[in-house]
Amino acid sequence: MLSVHGCPLARPGTRDAGGMQMYVRALSRELARRGIAVDVFTRRTDSSLPAVVPFAPGARVVHVDAGEPTPMDKNAVVDVLPEFVCNVKRFQRDERLTYDVIHSHYWLSGWVGNLLARRWEIPHVTMFHTLGRLKNRALADQEETEARIRVEEHVVGAADRIVASSEHERQALVEQYGARRERVSVINGGVDLGLFRPGNRVAARSTLGIPPGDEVILFVGRMDRVKGLDVLLRAMALLKQRPRIRLVVVGGSDQDAEMERCRALAAELEVDVSFRGASPQESLPTYYSAADLLVVPSHYESFGLVAVEALACGTPVIASRVGGLPTVIDDGENGLLVPSRRPDAFAERIERFLDDRPLRSKLSANARPSVIRYSWEFVAARVTTLYQEVASAPVSSHLSLEGLCRH
Ligand code: UDP
């Protein structure tokens with residue numbers, strides 16, 4: 001596994017650590033349980049970390065030196081990718097390892113994956129998690145660089161197989177990146193159904209210091225503009241007449257610029273928000289159980305793991321009708337779908353949900369059964385089949401991407 005930018009052991013919920021890290025960690029663990037040994041290569045961001053950290057029987061993280069051992073902006077990581085490739089090769093040589101398949105995550109790792117796959121003559125499976133073009137469109141500006149988009153195009157052309165987490169992502173890969181449809185497999189993200197399960201609301205609220213009679217709206221996610229937390233804050237401002245409504249925000253840290261922006265907006269709008277910061281995944285079930293509702297107001301979401309986690313805990317979800325979210329949310333069955341960027345529409349649906357008892361009971365009852373199909377066991381079984389398919393097919397010719405980097 002290549003996860004250059006995003007150690008699967010990093011604290012999730014901060015600027016760049018979110019669904020992808022959780023995905024790599026859970027999938028690797030499950031693959032290892034099925035007898036597939038997994039090494040996850042990630043860039044060293046702290047000099048005190050050991051080179052190799054086992055995190056499950058048969059699965060380990062390998063911290064690879066590339067650039068300064070400090071956190072780095074993803075656009076700066078591009079420049080140290082050649083060093084990363086060299087050091088992965090050195091590790092493989094020193095340890096006398098042979099790998100059967102490379103599975104890369106995100107465009108930076110896709111670049112590395114193409115080179116290593118060519119060198120080792122093994123198949124390369126890649127997964128983007130987010131795509132630069134879709135993100136730029138969702139944010140209506142050019143936050144993602146042209147270099148990222150060029151790398152994505154090359155990786156799409158060279159990888160043996162692309163895993164998309166929803167049909168929407170597959171369509172985007174075909175239409176906007178020229179991917180060959182038959183090379184894109186749709187395998188959704190997963191959820192740990194043992195960790196995320198319905199809990200006692202009163203007990204959860206008491207743990208979190210939330211009064212039992214309050215109406216609790218929950219947001220969980222990294223502090224990134226694409227998550228649309230500002231839309232939810234504006235929706236909450238429209239619901240201020242409800243005396244007991246409150247918003248709980250989990251994710252982010254004070255170092256995140258988006259956190260600062262949202263705190264300022266909440267103060268300006270005078271909405272009752274409790275910013276709890278990033279939380280270890282093990283504590284999230286308590287938040288999901290304490291909440292009446294999870295709101296996912298994203299402008300774009302390739303899948304939306306938090307929605308699946310909340311549903312697994314029996315908590316309905318109101319989400320933007322974007323990306324992979326309509327795959328997870330069946331409007332009027334386990335949640336409600338809303339046009340993105342519309343605070344008024346979010347406010348209207350939140351209010352409808354809170355006031356309509358029969359609707360609320362129906363969505364709550366359907367929540368967990370609707371996500372049983374997303375177990376990691378099932379995801380790993382499908383990924384294993386994919387590995388078997390690519391491993392038995394002739395290795396495709398890989399494009400050289402060396403010229404794209406300054407080194
Ligand atoms: N997460 C977490 N702690 C937090 C916030 C998020 O563990 O404080 C996890 C959450 O459980 C989920 C992931 O981070 O598995 C976020 O995934 P999602 O697909 O919702 O968003 P992404 O980060 O991929 O954009």
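All of these numbers come straight from a predicted model, not from anything done at the bench. What you see below is based on every heavy atom in this structure, not just the backbone, and it leaves out hydrogens, waters and symmetry mates.
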| field | Over all atoms of both residues, closest heavy-atom pair of Asp292 and Pro316 | value | O-CD, 3.9 Å
| query | Can any side-chain N or O of Tyr177 pair as donor or acceptor with the backbone N or O of Arg133 at less than 3.5 Å? | reply | yes
| request: Inspect the contact between Asp355 and Arg242 and indicate whether a charged nitrogen and a carboxylate oxygen are less than 4.0 angstrom apart. | output: yes
| query | When rounded to the nearest 0.5 angstrom, what distance separates CD in Glu333 from CG in Leu336? | reply | 10.5 Å
| field | Under-4.0 Å salt bridge between Glu348 and Arg352 | value | yes
| Stepwise side chain to side chain contact (heavy atoms under 4.5 Å, CB included) check, Arg246 with Val273 | CA-CA 6 Å; Arg246 61 155 77 209; Val273 192; over 6 Å; no
| Can you check whether Val295 reaches Ile350 side chain to side chain, under 4.5 Å on heavy atoms? | yes
| message | So that I can tick it off, tell me whether Glu260 and Arg263 are bridged by a salt bridge, with the cut-off set at under 4.0 angstrom between side-chain N and carboxylate O. | response | no
| request: Please tell me if the side chains of Asp160 and Val101 come closer than 4.5 Å, counting only heavy atoms from C-beta onward. | output: no
| said: Could you check whether Arg276 and Ser274, counting side-chain N and O atoms only, form a donor-acceptor pair closer than 3.5 Å? | reply: yes
| task | Give a yes or no answer on whether the side chain of Ser361 reaches the backbone of Arg357 with a donor-acceptor pair at less than 3.5 Å. | result | yes
| request: Would you sort out whether Ser109 and Ser3 count as a side-chain hydrogen bond (donor to acceptor under 3.5 Å, both in side chains), showing the intermediate values? | output: CA-CA 6 Å; Ser109 304; Ser3 183; 5.3 Å; no
| Contact summary for Leu218 and Ala291, nearest pair of heavy atoms | CB-CB, 3.7 Å
| Hey, are the side chains of Lys135 and His299 touching, using non-hydrogen atoms and a 4.5 Å cut-off? | no
| field | Main-chain N/O of Val156 paired to Arg183 side chain as donor or acceptor, under 3.5 Å | value | no
| task | Please round to the nearest 0.5 Å and tell me the distance separating atom CG of Leu173 and atom CD of Glu152. | result | 8.5 Å
| said: As an exercise, state the distance from OG1 of Thr384 to CD of Gln388, rounded to the nearest 0.5 Å. | reply: 6.5 Å
| query | Counting only N and O atoms by type, is there a donor-acceptor contact under 3.5 Å from the side chain of Asp224 to the main-chain atoms of Val226? | reply | yes
| Note, Cys313 side chain near Tyr287 side chain (heavy atom, < 4.5 Å) | no
| Nearest non-hydrogen partners of Asn136 and Glu143, listed with the distance | OD1-N, 3.1 Å
| Hey, are the side chains of Phe275 and Leu229 touching, using non-hydrogen atoms and a 4.5 Å cut-off? | yes
| note | Test side-chain hydrogen bond (donor to acceptor under 3.5 Å, both in side chains), reference Ser185, set Arg161, Arg170, Arg382, output is Arg161
| query | Are the side chains of Phe91 and Leu97 in touch, meaning some heavy atoms are under 4.5 Å apart? | reply | yes
| message | Using every non-hydrogen atom in the two residues, find where Ala235 and Pro343 come nearest and quote the distance to one decimal. | response | CB-O, 3.4 Å
| Do Arg181 and Glu167 sit within salt-bridge range, that is, some charged N less than 4.0 Å from a carboxylate O? | yes
| When you check the side-chain N and O atoms of Tyr288 and Glu309, is any donor under 3.5 Å from an acceptor? | yes
| Taking NZ, NE, NH1 and NH2 as the nitrogens, is one of them in Arg34 or Glu30 under 4.0 Å from a carboxylate oxygen of the other? | no
| field | Test item: Arg205 side-chain N/O and Ala290 main-chain N/O as donor-acceptor pair under 3.5 Å | value | yes
| query | Do side-chain atoms of Arg44 reach the backbone of Val64 as a donor and acceptor pair under 3.5 angstrom? | reply | no
| Would a line drawn from the ring center of Tyr374 to the ring center of Phe303 be shorter than 6.0 Å? | yes
| field | Any Asn334 side-chain heavy atom under 4.5 Å of Val317 side chain | value | no
| task | Look at atom CZ of Phe378 and say whether more than 12 heavy atoms of other residues, nucleotides or ligands are closer to it than 6.0 Å. | result | no
| Could you go step by step and tell me if Ser340 and Val231 meet the side chain to side chain contact (heavy atoms under 4.5 Å, CB included) rule? | CA-CA 8 Å; Ser340 63; Val231 174; over 6 Å; no
| message | Pairing donors with acceptors under 3.5 angstrom, does anything connect the side chains of Thr327 and His168? | response | no
| task | Mind checking side-chain hydrogen bond (donor to acceptor under 3.5 Å, both in side chains) for Arg90 and listing every partner two or more places apart, or none if nothing turns up? | result | Asn87
| message | With side chain to side chain contact (heavy atoms under 4.5 Å, CB included) as the criterion, how do Val191 and Leu305 come out once you've worked through the C-alpha distance, each side chain's angles and the decisive distance to 0.1 Å? | response | CA-CA 7 Å; Val191 65; Leu305 286 177; over 6 Å; no
| field | Asp100 side chain reached by Tyr387 side chain, heavy atoms, under 4.5 Å | value | no
| request: Taking atom types as modelled, find out whether Ser302 and Thr130 have a side-chain donor-acceptor pair closer than 3.5 angstrom. | output: no
| With no hydrogens and no angle check, is any side-chain donor or acceptor of Arg96 less than 3.5 Å from a backbone partner on Arg93? | no
| Donor-acceptor pair, Gln21 side chain versus Gly18 backbone, under 3.5 Å? | yes
| said: Taking the six-membered ring for Trp, are Trp111 and Tyr106 closer than 6.0 Å centroid to centroid? | reply: no
| request: Using the side chain to side chain contact (heavy atoms under 4.5 Å, CB included) rule, take Leu247 and Val271 through it: C-alpha gap first, then chi angles, then the decisive distance, then the call. | output: CA-CA 8 Å; Leu247 173 64; Val271 293; 5.8 Å; no
| query | Out of curiosity, Met72 CE to Arg43 CZ, how far, rounded to the nearest 0.5 Å? | reply | 4.0 Å
| field | Presence of salt bridge, Asp230 and Arg225, under 4.0 angstrom | value | no
| request: With rounding to the nearest 0.5 Å, note down the distance linking OG1 in Thr315 to CZ in Phe196. | output: 11.0 Å
| Can you name the closest pair of heavy atoms from Leu284 and Ser279 and give their distance? | CD2-OG, 4.0 Å
| remark: His124 and Ala117 have their tightest heavy-atom pair at CB-CB, 3.7 Å
| Residues Arg222, Asp256: salt bridge by 4.0 Å N-O rule | no
| request: For Arg60 and Ala37, indicate whether the former's side chain and the latter's backbone hold a donor-acceptor pair under 3.5 Å. | output: no
| request: Hey, could you give me the CD1/CG distance between Ile329 and Leu311, rounded to the nearest 0.5 Å? | output: 5.0 Å
| query | Quick one: does Ser320's side chain have a donor or acceptor within less than 3.5 Å of a partner on Ser298's backbone? | reply | yes
